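Please read these numbers as outputs of a predicted model, since none were measured by experiment.
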Amino acid sequence: GDCLHERYPNCTGHNSAHFFNDECDVELNTEECGFDDGACTIFNENYPNCTVSNPSLLNDGECTNTKDYNNFDCGFDGGDCIQFNQDFPNCTVRFPSYIGDGFCYVAYNTSECGYDGGD
């Protein structure tokens with residue numbers, strides 16, 4: 001049978017393939033869907049005003065430097081961007097992990113981004 005609809009009969013219109021995978025899916029983060037069978041509980045408790053499309057990117061060990069994730073309401077990407085924000089407060093690159101990775105990226109080679117961390 002369909003475990004999703006057996007446990008949450010009012011959870012409709014969602015892809016059940018994303019259910020029961022221990023990752024918070026925003027489409028299933030509703031009371032009718034048991035807040036993605038509990039996978040969204042910590043996200044909802046820690047970041048009640050955070051509205052991101054993929055909560056699993058929060059606190060995943062890599063700074064997601066977009067305005068949706070790297071902000072106060074989302075805990076600066078669940079803490080992943082705190083050091084980046086301190087080191088490079090005016091650097092607006094998409095992938096902070098590229099800074100200082102041994103490869104020179106022209107867009108990152110600015111004073112705001114520490115000249116690509118010396119790359």
Indicate whether any N or O donor in one side chain lies under 3.5 Å from an N or O acceptor in the other, for Asn65 and Asn70. yes
Once rounded to the nearest 0.5 Å, what's the spacing between atom CG of Asn44 and atom SG of Cys50? 10.0 Å
If I take atom CG from residue Asp25 and atom OG from residue Ser56, how far apart are they, to the nearest 0.5 angstrom? 9.0 Å
With heavy-atom distances below 4.5 Å as the criterion, would you say the side chains of Phe43 and Asn29 are in contact? yes
Only counting residues at least two apart or in another chain, list the ones meeting side chain to side chain contact (heavy atoms under 4.5 Å, CB included) with Asn71. Asp73, Cys74
Which heavy atom of Cys24 sits nearest to which heavy atom of Pro55, and what is that distance? O-CD, 3.5 Å
If Ile, Leu, Val, Met, Phe, Trp and Tyr residues are connected whenever their side-chain heavy atoms lie under 4.5 Å apart, and connections chain through other members, are Tyr47 and Val26 in the same group? no
Output all residues satisfying ring pair (Phe, Tyr, Trp, His ring centres under 6.0 Å) with Tyr108, sequence neighbours left out; order by chain, then residue number. Tyr98, Tyr105
Rounded to the nearest 0.5 Å, what's the gap from CG on Asp37 to SG on Cys11? Could you check? 10.0 Å
Quick check: do Asp80 and Asp60 have side-chain heavy atoms less than 4.5 Å from each other? yes
Closest heavy-atom pair, Thr64 versus Cys81, reported as atoms and distance to 0.1 Å, is N-SG, 3.7 Å
Distance-only donor-acceptor pairs under 3.5 Å for side chains of residues 88-97, two or more places apart:
none

Joint cluster assignment, Ile99 & Phe103, ILVMFWY side-chain distance < 4.5 Å: yes
Using every non-hydrogen atom in the two residues, find where Glu62 and Asp77 come nearest and quote the distance to one decimal. O-OD2, 2.9 Å
List for me each residue that meets side chain to side chain contact (heavy atoms under 4.5 Å, CB included) alongside Glu31, sequence neighbours excluded, and say none if there are none. Phe35
Please evaluate residues Asp68 and Ser53 with respect to the criterion side chain to side chain contact (heavy atoms under 4.5 Å, CB included), reporting the C-alpha separation (whole Å), side-chain torsions for both, the decisive distance (0.1 Å), and the verdict. CA-CA 9 Å; Asp68 296 338; Ser53 59; over 6 Å; no
Pairwise distance CG(Asp36) to CD(Glu23) - rounded to 0.5 angstrom: 9.0 Å
Please name all residues satisfying side-chain hydrogen bond (donor to acceptor under 3.5 Å, both in side chains) with Asn59, sequence neighbours left out, ordered by chain then number. none
Mind jotting down which residue pairs meet the ring pair (Phe, Tyr, Trp, His ring centres under 6.0 Å) criterion with at least one end in residues 55-81? Sequence neighbours excluded, please. none
